Enquirer: 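If you scroll down you'll find the structure; I have some questions about it.
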Amino acid sequence: MPAGKKNTISATCPKCGQSQPEPRGAYSTVCKHCQAHFRIQETPKPARTIPKPKIELQQIKCFQCGTEMSVPLAAESSMCKRCSSHIDLRDYQIAETRSKNIRTYGRLVLEEKGYLLNSDTLVRHAVIKGRFIGKLVAEETLELHTSANIKGTFNCGCLVIPTGHHFRWKEPVRVGGADIAGEFVAHLITSGTVRLKSSARFFGDIEAGNLVVESGAVFVGNASIGTPLAVRTNGPLPERPPADPAPKTRSGARTMKPQGAKNSSSV
């Protein structure tokens, strides 16, 4: 590298922004572009850009006024920017007896020895293994285990019955969708999709927008694919007791999609 370039620095004119090489020991100089005199020591240094860490966000709604907002995924609470109400974002794990109303955008896990009574609960995700008395709403997923004992009402975006577990409900179950991998006995009504996994055993009727049955699943009952009657009429259905477990019948993989008019089929 030439010796002359080692002893020069770049000086930027504060008036026009022109950059030009100057001797390293120079105190001031004249801009070759606009002829302005300026001190080299006063040349503004470019600001150092520090990359900001990426913060993962989640969308929530105020429980009081319904205002939508974005909050950090790691936050445990927030405040509504409109009505200043407190919004809980924490997870709850209950393994003892409690009488409490819960409203959170976190996850509720009711352990097998847990007992939540007289509760009006609204959560994002819920896993029920113990006893629950009251009203339960899970905006996204509700996972029910064999040991779950619910007295009251429940609703969710997606009902999940894990592999190796079974659950029975006498009244019609209205949910946003269902993912069944265990045994479920009920009359299921949804405008969404019902998925019966290969390990699923379903006894009862299904009214759904879509039905997906994997190879190896057991389905005993009637399937009505399209817009459910309860959605079209906006009224209650005549209650029908769920079908009792019958000898297993194996069904191949199939997908039933809406075809406008109501179609009924038995598997």
Side-chain angles (χ1 to χ4, degrees), residues 1-94 101-109 121-127 137-143 155-160 162 175-179 181 191-193 195 197 209-210 212 255 257:
M1 187 174 185
K5 291 187 177 181
K6 291 183 179 180
N7 297 322
T8 60
I9 59 174
S10 178
T12 303
C13 175
K15 184 177 181 181
C16 68
Q18 171 72 18
S19 296
Q20 60 190 41
E22 296 293 340
R24 188 175 296 275
Y27 177 74
S28 63
T29 187
V30 175
C31 178
K32 296 178 181 179
H33 183 262
C34 65
Q35 305 303 317
H37 179 268
F38 63 95
R39 292 182 180 180
I40 297 177
Q41 288 83 349
E42 296 177 356
T43 302
K45 297 181 180 180
R48 183 182 177 185
T49 304
I50 301 176
K52 296 182 179 179
K54 186 178 180 180
I55 300 177
E56 296 183 5
L57 301 177
Q58 61 174 328
Q59 296 293 325
I60 64 172
K61 286 184 180 180
C62 175
F63 294 120
Q64 299 296 329
C65 66
T67 300
E68 296 183 357
M69 65 189 76
S70 299
V71 298
L73 190 61
E76 292 189 350
S77 65
S78 183
M79 180 178 291
C80 179
K81 58 185 178 182
R82 183 177 180 183
C83 66
S84 301
S85 298
H86 176 264
I87 303 175
D88 195 357
L89 306 173
R90 295 173 296 175
D91 295 336
Y92 287 84
Q93 185 173 5
I94 299 176
N101 294 331
I102 299 176
R103 284 181 172 238
T104 180
Y105 277 99
R107 185 169 183 257
L108 168 66
V109 178
T121 296
L122 173 61
V123 296
R124 174 162 286 180
H125 302 279
V127 179
V137 177
E139 290 193 344
E140 294 191 12
T141 61
L142 171 60
E143 184 177 310
N155 197 356
C156 61
C158 181
L159 177 64
V160 179
V175 292
D179 194 347
S191 58
T193 299
R195 293 181 176 86
K197 301 290 187 178
N210 297 284
V212 179
T255 302
K257 298 183 179 179

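Keep in mind that what you see is a predicted model, and the values were worked out from it rather than measured.
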Enquirer: Judged by atom type as modelled, is there a donor-acceptor pair below 3.5 Å linking the side chain of Ser85 to the main-chain atoms of Cys80?
Expert: no
Enquirer: Give the minimum heavy-atom separation between Ser19 and Thr12, together with the two atoms involved.
Expert: OG-OG1, 3.2 Å
Enquirer: Using atom types as modelled and distance alone, determine if a side-chain donor or acceptor of Gln20 lies under 3.5 Å from a backbone N or O of Lys32.
Expert: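 Yes; at least one donor-acceptor contact below 3.5 Å.
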Enquirer: Over all heavy atoms of both residues, which pair between Cys13 and Cys34 is shortest? Give the atoms and the distance, please.
Expert: SG-SG, 3.7 Å
Enquirer: I need the minimum non-hydrogen distance between Ala11 and Glu22, along with the two atoms involved.
Expert: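 The answer is CB-CG, 3.9 Å.
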Enquirer: So, does Asp91 use its side chain to make a donor-acceptor pair with the main chain of Arg107 at under 3.5 Å?
Expert: yes
Enquirer: Take a 6.0 Å sphere around CD1 of Ile55 and say whether it holds more than 12 heavy atoms from other residues, nucleotides or ligands.
Expert: no
Enquirer: Minimum heavy-atom separation for Cys156 and Leu159, please, with both atom names.
Expert: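 Between these two residues, the closest heavy atoms are SG-N, 3.5 Å.
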Enquirer: Work out which heavy atom in Val71 is nearest to a heavy atom in Ser78; give both atom names and the distance.
Expert: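 Closest approach of Val71 to Ser78, heavy atoms only: CG1-OG, 3.5 Å.
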Enquirer: Do you know which two heavy atoms are closest between Thr104 and Phe63, and how far apart they sit?
Expert: N-CZ, 3.7 Å
Enquirer: For residues 51-77, which residue pairs qualify under side-chain hydrogen bond (donor to acceptor under 3.5 Å, both in side chains), counting only residues two or more places apart or in two chains?
Expert: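 For residues 51-77: Gln58-Arg124, Gln59-Ser70.
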Enquirer: Going from CG on Leu89 to CD1 on Ile60, what distance comes out if it is rounded to the nearest 0.5 angstrom?
Expert: 5.0 Å
Enquirer: Hey, does Leu122 have a side-chain heavy atom less than 4.5 Å from the side chain of Glu139?
Expert: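 With C-beta onward as the side chain, the pair touches.
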Enquirer: For atom NE2 of His33, is the number of surrounding heavy atoms from other residues, nucleotides or ligands below 6.0 Å larger than 12?
Expert: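 Incorrect, the count does not exceed 12.
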